[in-house]
Amino acid sequence: MMSPLTTIVSLSYLVSAACYVIGLHMMRTPKTARNGNRLSAVGMLLAVIMTFIVVLVKHETSMTGWIIMLVGLVIGVAYGAVKARTVQMTDMPQLVSLFNAVGGGAAAAIGIYDYLTQPTGSHLALAFSLPVILDLLIGCVTFSGSLIATGKLSGKISGKPITFPGAKLLNGIVIIVMLASIVLTVGFPTAPWILIMTIVAGLVFGLLMAMPIGGADMPVVVSLLNAFTGLAVAMAGFVIDNQVLIIAGALVGAAGTILTLQMAAAMNRSVANILAGGFGTGDFGATAADDVPVNVKETTADDIGVQLAYAKNVMIVPGYGLAAAQAQHEVAELAKLLTDNGINVNYAIHPVAGRMPGHMNVLLAEVNVPYDQMKQLEEANAMFENTDVSLVIGANDVTNPAARKPNTAITGMPILDVDKSKSIVIIKRSMSTGYAGIQNELFSNDKSAMFFSDAKKGLQEIVAATKEYLEQ
Amino acid sequence: MSQELYTNLAIFVLSLLVGFEVISKIPSTLHTPMMSGANAIHGVVVVGSILIALEAKGPLFDVIAFIAVVLGAINVAGGYVVTDRMLTMFSKPKRANTDAEKDGDAK
């Protein structure tokens, strides 16, 4: 029989776990999403409070313990909350990545702590040794990998894939070392050098995993690391025999995995292919390729203004370039101008538009674009035939009709059927290719016209031009 | 295998399955807030951090526990706040002004 205290705590943990599941479930629609997140937060608060109660009742804690914990909590909560409140919405991917890093780091620290509390030279039971080594490895990989990802996404480290001769060999060696540390931990007496070897191998593997990945692929890796963090936390739960950690960690592990697979599928890539790296060339440079095909028409802000002013239905197709240029305010301004003059404006949003799946929706929501104007892939594709002007802003591969043909780099990738609309305007900095590295046939379509400009500046010019024609 | 390990393993596997089931039904529109929400949930690691901090004995253990608490607290607080901020933007009333530079948490 459980003691009354254990019973209460266990039941509370169960309630917390239910809150996480129901909370995630409620995040399926925007109507209930916010309450879902709050329910999940309530569950979290309950878990933390119950943990305090356990400790208080046991009366075993030293003054130092309390000070360490309270000071740590205050510092962590303050830093996390300030970061979360001040971050720009375009910088969301690196913040998520940073939180993966700290989560993984915390899980690894718990693993280190528990490993060290075992007397040196003792044989560990499998029920302890296996979770502890997995917690250490996954936690360390997530920690260093996520920090690199954060650096790359924020531009502090080059977004380009970083490879060096012998990287594959080093990778192989590190994997062997990690396997060795699992065998050593499970089958042999504990020793400090095994712990150190494990930590180093995990950290190095995380570095090697994130370094060769191009900027455009990074969100997939962030999502994967999100799943890893969940698993590390679940393993930490096994180590300290705490069910709420196991449940929450496993939930996140599953969630991150699903997301990762969906993101990779939307880019028509396999996760293995992305992790192999060197494919995404990074999008921050936008080096002008200068091999502009002769059959590409150029246009001006003025022309676009006329087209928009006389259109009935306008579809805006935002992409990575819009997020990178932080031009969401200008887009919203243009859309408002058009809707105020009785023109229908909708947004066609590809699942991987922006810098993370669903990121574009966040950016547009930030500037008060109504949720019902954001059309997802299938919905948008049904609307292109009746669209007078499609305005493609900083999007490339997701609009390339080559995806419908066999034997191209993007064959089979779900795309937006922009080419079905009556007229197409593309705002782009240069003719450089997207991360798939192929020319976009949409650009040389007879109905297409290119406006070479930075998304933000270009849109400002278009807004000014459109205003003039609408006021006439 | 001990009864305890079996119970924990069962909980782990079933939670994974629940996770797959719940997540696969979310529209891509909400993937970013959802990822962030899931990110906050793994902040539950702070519970583990608190537990080790309160039993830590000796300077080395104190330091490790302190690091664990700080990192876990950043994760859990930051994760929930930023998710809430993002979702506020989705539920804002339909008004098409563009002065929403840094609101989100304004209310």
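First the proteins, then the strands, lettered A, B, ... as listed; each starts at 1.
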With heavy-atom distances below 4.5 Å as the criterion, would you say the side chains of B:Arg85 and A:Val87 are in contact?
yes
Where on B:Leu9 is there a heavy atom nearer than 4.5 Å to chain A: the side chain, the backbone, both, or neither?
both
So for A:Asn226, is it side chain, backbone, both, or neither that comes closer than 4.5 Å to the heavy atoms of chain B?
both
Which atoms of B:Val45 come close to chain A, meaning under 4.5 Å heavy atom to heavy atom: side chain ones, backbone ones, both, or neither?
both
Given that the side chain runs from C-beta out, which part of A:Leu377 has a heavy atom under 4.5 Å from chain B: side chain, backbone, both or neither?
neither
Where on B:Val46 is there a heavy atom nearer than 4.5 Å to chain A: the side chain, the backbone, both, or neither?
side chain
Side-chain touch B:Leu87/A:Arg38, heavy atoms, less than 4.5 angstrom
no
Side chain to side chain contact (heavy atoms under 4.5 Å, CB included), that's the test. Do B:Thr32 and A:Asn361 meet it? Break it down for me.
CA-CA 9 Å; B:Thr32 290; A:Asn361 304 77; over 6 Å; no
If one checks every heavy atom of A:Leu364 against chain B at 4.5 Å, the contacting part turns out to be neither
Could you look at A:Ser223 and say if it's the side chain, the backbone, both or neither that has a heavy atom under 4.5 Å from chain B?
both
Please state whether the side chain, the backbone, both or neither of A:Ile240 comes within less than 4.5 Å of a heavy atom of chain B.
side chain
A:Thr117 portion near chain B, given a 4.5 angstrom heavy-atom threshold
both
Against chain B, label A:Asp340 side chain, backbone, both or neither, depending on which of its atoms sit under 4.5 Å from a heavy atom there.
neither
Contacting moiety of A:Met235, where chain B heavy atoms sit under 4.5 Å
side chain
So which part of B:Ala40 gets closer than 4.5 Å to some heavy atom of chain A, the side chain, the backbone, both or neither?
backbone
May I have the step-by-step check of side chain to side chain contact (heavy atoms under 4.5 Å, CB included) for A:Asn100 and B:His42, ending in yes or no?
CA-CA 9 Å; A:Asn100 282 340; B:His42 65 53; 3.1 Å; yes
